[in-house]
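Written out below as structure tokens is the structure these notes cover.
So you know, we letter chains A, B, ... as the sequences are listed, proteins then strands, and number each from 1.
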Amino acid sequence: DEIRIWVRYKEGFSDAVRKNVSWSSLWS
Amino acid sequence: SLNLHERLSIDRSFRLLHLTPELLEVLKDPNSKLQFKAAGNDEDDGDVVLCSREKTWLLRQKNHSNTTMLMHEFTSEQETPLETTFGLPSPMSDFAGFARTTFEYETKEVSGILNVESIPIHNGSSDFPPADGRDLPVKSMDDLLASSACSEKECLLQWGQLGGCVIKGYPCILSSDFLTKALHVTLMSAMAESLNFSRLRLGETFDAVNKDIDQESNPYTIDVIKTILEKYGEKVKDDDDCWQLNQKKVAVWYGIRALKKYASQSSIPPAEFLIKWKSTFPPYAPFDIEIEMLRGWFFRPTGSSLQYLPKNTLPSDIKERFMMLFKLQSQWDMDDIVPFVEELNSKGLKIDVFLMKYARKRRVGKKVIISSR
Amino acid sequence: PSINVSKRQLQTLLQSDQHQTSVSTPLGNMMLEIQGDLELPRQWSEDQRFTTIDKEQLVRWGLLHIDPSRNNAILFVGRKQRLLGSLVKLDTPLGLIKFNQQDGIVEMQDIFYYKVLFKSRPLPIM
């Protein structure tokens, strides 16, 4: 089965970092 | 059960935005509008905010480590082969992933800031604006609003307070000197025509100022008079064209100018200063004055005499500012020192707590005295 | 710079006060989240899992089953993995916004109140 459909599990969840948003990043 | 698919080519133009209760209210109001804005122009890449007509929210990107897939239901033309291995009901719908996101935009309500970086200062000279607005990067109020990370309501409020003026469509800020002259002339003319300071109409006030002025060289155009009313007055409720003069604001403006003029090089006793201050008003002006109104603009080098101290000469570092203030005056009445330091209370601490971080506080009778640690 | 956010697509939704109460929104969108990386082929293959709908090439990668009475969810990924998860109410509803650079238009297309979340380690298919 060459078609790879797979979840690579991650032990933890991280979402601590926050940063301001630049105008150009809205469109990229 | 649902069949899940994903598009082979992912669309990267989707974003997820936190909708607080306030934002949901704005969305639900059919008359409201929401805009993404940033200070400056496209290339400046300032921080993006979201604005309704009245409020500003800062966008904060919160990255995360999960896979989030955004999917849309569709009708499959094919007969999907039954997956009998799992013993589940056969699939009834199909969803296709069209985007993946690894972050969300949080929204935090903030105070919008008017962007006056490129707005020229106008001192009343007749050569403003230049023909065709040459060399003026901001060519209209719409331009100014579009280049400010600020809601319309907050922008206009700040604009009025700053002495912003629109001359032949071009935004400018009136210089302190020009504001002072225009205010003085407006007050004198209004009194001469017995206009009511509680109900000053733009048209009447303009006519009063311009009675007997040669129009050729007249800098006090209707836009300038409007700026004066906006800056030194408050719009009367439900009347678009009428302002109530804020007598305290006017008195303070004259007082600061008087401090600058009479108490810059050396200090002046308060009683003498009050007389000087009063003398700067137009004759018969009805404004009450008190030294306390000018807190945040003077210090007392010796005993009770006053000396001019503009905040923009003080350090912006809080420790250094306190050091400088105590160097100029070793002990301060708490009410006198607070206006010099409260703008640096960035964490919004209670004022007592804030002062105690950097200074010593003690009670002497009814007064609270602040000195260095 | 400044750009209006169009809420044209949301109008009927907002007016009728309808909003998402189950796995997909009234407008047919769903938010699925997995604690891990989901690897899928990015190139077409002659395999029954690949289809084309409205000129879009799709790969079928999973099967989702929701038990609405308990908000439990099972996700089968490929032929080998099984994930257990649930329908979760979002702390703050999320607006789905498209930034269309070509047309210079920004549009809020939907609002998510729930997501289907899988945070446990995948199990083998028995």
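Rounding to the nearest 0.5 angstrom, the gap separating the OG atom in Ser93(B) from the CG atom in Leu64(C) is 10.0 Å. Between the CD atom in Glu6(B) and the CZ atom in Arg60(C) there is a gap of 14.5 Å [rounded to 0.5 Å]. Atom CG of residue Leu19(B) and atom CG of residue Leu94(C) lie 7.0 Å apart, to the nearest 0.5 angstrom.
Contact count against chain B (heavy-atom pairs under 4.5 Å) is highest for Gln35(C) among Lys119(C), Gln43(C), Lys115(C), Gln35(C). By number of non-hydrogen pairs under 4.5 angstrom with chain B, the leading residue of Leu96(C), Leu117(C), Asn4(C), Val59(C) is Val59(C). With respect to chain C, the highest number of heavy-atom pairs below 4.5 Å among Lys37(B), Glu73(B), Met71(B) belongs to Met71(B). Your options are Thr67(B), Thr107(B), Asp44(B), Val48(B), and the one with the most heavy-atom pairs under 4.5 Å with chain C is Thr67(B). Options Val106(C), Val23(C), Leu58(C), Asp37(C) differ in how many heavy-atom pairs under 4.5 Å they form with chain B, and the most are formed by Leu58(C). When the candidates Thr92(C), Asp110(C), Ile97(C) are compared by the number of heavy-atom contacts under 4.5 Å with chain B, Ile97(C) comes out ahead. Most heavy-atom pairs under 4.5 Å with chain B, from the set Leu38(C), Asp91(C), Leu14(C): that is Leu38(C). In terms of non-hydrogen atom pairs under 4.5 Å with chain B, the most contact-rich of Leu90(C), Asn29(C), Val116(C) is Asn29(C). Contact count against chain C (heavy-atom pairs under 4.5 Å) is highest for Met69(B) among Met69(B), Lys33(B), Glu106(B), Glu104(B).
Counting heavy-atom neighbours within 6.0 Å of Glu117(B) CD, excluding the residue itself, gives a total of 12 or less. For Lys226(B), the NZ atom sits in a loose shell: 12 or fewer heavy atoms of surrounding residues, nucleotides or ligands are nearer than 6.0 Å. Environment of NZ in Lys139(B): crowded, with over 12 heavy atoms of neighbouring residues, nucleotides or ligands closer than 6.0 Å. Enclosure of atom CG in Asp135(B) is not indicated, since only 12 or fewer non-hydrogen atoms of other residues, nucleotides or ligands lie within 6.0 angstrom. In Leu156(B), the CG atom is crowded: over 12 heavy atoms of neighbouring residues, nucleotides or ligands sit closer than 6.0 Å. Heavy atoms of other residues, nucleotides or ligands lying less than 6.0 angstrom from NZ of Lys235(B) number more than 12.
A distance-only check finds no donor-acceptor pair linking the side chain of Ser1(B) to the backbone of His65(C) [under 3.5 Å]. Without hydrogens or angle criteria, Lys7(C) side chain to Leu27(B) main chain gives a donor-acceptor distance under 3.5 Å.
For Asn115(B), no part lies under 4.5 angstrom from a heavy atom of chain C. Contacts of Leu13(C) with chain B are absent, with no heavy-atom separation under 4.5 Å from either backbone or side chain. The part of Phe95(B) that comes within reach of chain C is its side chain, from C-beta onward, which places non-hydrogen atoms under 4.5 angstrom from that chain. Heavy atoms closer than 4.5 Å to chain C are found nowhere in Thr102(B), neither backbone nor side chain. For Asn41(B), the part lying under 4.5 angstrom from a heavy atom of chain C is the backbone only. Neither the backbone nor the side chain of Ala149(B) comes within contact range of chain C; no heavy atoms are under 4.5 Å apart. Only the side chain of Glu56(C) comes within contact range of chain B, judged by heavy atoms closer than 4.5 Å. Using a 4.5 Å cut-off between heavy atoms, Ala96(B) touches chain C through its side chain atoms alone. There is no contact between Arg12(B) and chain C, counting heavy-atom distances below 4.5 Å. Heavy atoms closer than 4.5 Å to chain B are found in the side chain of Phe112(C), but not in its backbone. Proximity to chain C (any heavy atom under 4.5 Å) is restricted, for Asp11(B), to the side chain, taken from C-beta onward. For chain C, no part of Leu145(B) is nearby; none of its heavy atoms comes within less than 4.5 Å.
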Which is it for Asp17(C) and Lys28(B) under the side chain to side chain contact (heavy atoms under 4.5 Å, CB included) test, yes or no, and what are the steps along the way?
CA-CA 9 Å; Asp17(C) 219 11; Lys28(B) 286 181 183 161; 3.8 Å; yes
Worked check of side chain to side chain contact (heavy atoms under 4.5 Å, CB included) between Leu70(B) and Gln109(C):
CA-CA 12 Å; Leu70(B) 304 174; Gln109(C) 294 190 349; over 6 Å; no
Yes or no on side chain to side chain contact (heavy atoms under 4.5 Å, CB included) for Leu4(B) and Leu32(C), after CA distance, side-chain angles and deciding distance?
CA-CA 10 Å; Leu4(B) 302 185; Leu32(C) 184 84; 4.1 Å; yes
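Nearest heavy-atom pair, Leu8(B) versus Arg42(C), reported as atom, atom and distance to 0.1 Å: O-NH1, 3.3 Å. When all heavy atoms of Ser2(C) and Ala146(B) are compared, the pair lying nearest together is CB-O, 3.5 Å. The minimum heavy-atom distance linking Pro1(C) with Ala39(B) is given by the pair CD-O, 4.1 Å.
A heavy-atom distance below 4.5 Å is not found between the side chains of Leu24(B) and His19(C). Ile53(C) is not listed as a side-chain neighbour of His5(B), based on a closest heavy-atom distance of 4.5 Å or more.
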